[in-house]
Amino acid sequence: MPEFLLQRRRLLLAVAGSLALILFAGRFVLGAGTTTVAPLPPPPAGNAGVTGLEAARVVVDVVGAVRRPGLYRLEQGSRIADAVARAGGATGKADLAMVNLAAPLADGEQVVVPKRGAPGAAGVGAGAAAGASTGPVHLSTATLDQLDSLPGIGPVTAQKILDYRAKHGAFSSVDELDAVPGIGPSRMDQLRDLVAP
């Protein structure tokens with residue numbers, strides 16, 4: 001009897017080994033005629049990918065007479081009109097004549113859409129909320145009238161600032177004003193606390 005069990009074990013081992021050998025050989029024989037293209041690896045999720053994404057976007061705060069005020073992330077190079085549209089568009093009470101919709105957006109900027117007839121809306125020289133004339137004028141979004149309201153800046157110099165902005169894009173620093181013709185060191189010192197990029 002023990003010999004019978006031993007033969008049976010050998011037979012089972014031989015069958016299992018043969019099966020494994022057939023499967024192993026079949027994999028190579030059947031797979032030899034087909035080509036499999038390995039899928040591309042996903043893009044790296046490390047810091048380099050995140051940094052590149054953030055560098056290509058700006059975050060702005062859209063407030064005032066818009067349908068959905070709030071923080072919005074937009075592509076680098078977007079305009080104020082894009083931010084207003086992203087906030088659901090202007091309401092029927094908005095005074096869009098007081099907003100330079102063509103101005104490029106800068107990261108961290110607040111876009112204010114004033115209401116028609118709001119106190120101080122006609123003379124907002126600060127680029128801040130209507131009626132709040134104590135904030136700085138944002139060089140990247142200010143209108144000709146807002147720039148003209150700054151001390152020592154007339155309509156000609158205001159237009160030069162707008163031309164510089166159109167050619168070079170949004171201001172990243174107040175010090176860039178020094179590159180605008182007609183603004184020297186003394187004028188820079190006078191404007192430094194009244195303007196923001």
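The basis for the numbers below is simple: all heavy atoms, side chains too, and nothing from hydrogens, waters or symmetry mates. Position 1 is the first residue of the sequence, and the numbers go up from there.
Residues S140 and A103 approach most closely at O-CB, 3.5 Å, considering heavy atoms. Nearest heavy atoms, R86 versus R68: O-NH2, 3.3 Å. Taking each heavy atom of L162 and A142 in turn, the nearest pair found is CD2-O, 3.6 Å. When all heavy atoms are compared, the tightest approach of A90 to R67 is O-NH2, 3.5 Å. A87 and V62 get closest at one heavy-atom pair: CB-CG1, 3.7 Å. Residues P151 and Q190 come closest through the heavy atom pair CB-NE2, 3.7 Å.
Within the model, atoms CZ of R79 and CG of L101 stand 11.5 Å from one another, a figure rounded to the nearest 0.5 Å. One finds the CE atom of M98 at 7.0 Å from the CG atom of D145 (value rounded to the nearest 0.5 Å). Considering CD1 of I153 and CG of L144, their distance stands at 11.0 Å, rounded to 0.5 Å. Of the inter-residue distances, the one linking H138 atom NE2 with Q146 atom CD reads 9.5 Å to the nearest 0.5 angstrom. From T157, atom OG1 reaches atom CZ of R187 across 7.5 Å, with rounding to the nearest 0.5 Å. Atoms CG and CG, on L194 and L139 in that order, are 10.5 Å from each other to the nearest 0.5 Å.
Put simply, the side chain of V99 reaches to within 4.5 Å of the side chain of P114, judged on heavy atoms. Two residues are said to be in side-chain contact when any heavy atoms from C-beta on lie closer than 4.5 Å; R57 and E75 meet this criterion.
Of the possible donor and acceptor atoms, one in the side chain of S18 sits under 3.5 Å from a partner among the backbone N and O of A14. Q159 places no side-chain N or O within 3.5 Å of a backbone atom of V156 that could act as its donor or acceptor partner.
Under the 4.5 Å side-chain heavy-atom criterion for grouping Ile, Leu, Val, Met, Phe, Trp and Tyr, L71 is not connected to V63 through any hydrophobic cluster. Under the 4.5 Å side-chain contact rule for hydrophobic residues, V59 and V113 do not share a cluster.
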What donor-acceptor contacts under 3.5 angstrom involve side-chain atoms of residues 176-185, with partners at least two apart or in another chain?
residue	atom	partner	partner atom	Å
E176	OE1	Y164	OH	3.4
E176	OE2	S172	N	2.7
E176	OE2	S172	OG	2.7
E176	OE2	S173	N	3.3

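Salt bridge annotation for D175-R192: present, with a cationic side-chain nitrogen under 4.0 angstrom from a carboxylate oxygen.
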Evaluate the side chain to side chain contact (heavy atoms under 4.5 Å, CB included) criterion for residues I161 and F171: first the C-alpha distance (whole Å), next the side-chain angles of each, then the deciding distance (0.1 Å), finally the verdict.
CA-CA 10 Å; I161 293 171; F171 283 82; 4.0 Å; yes
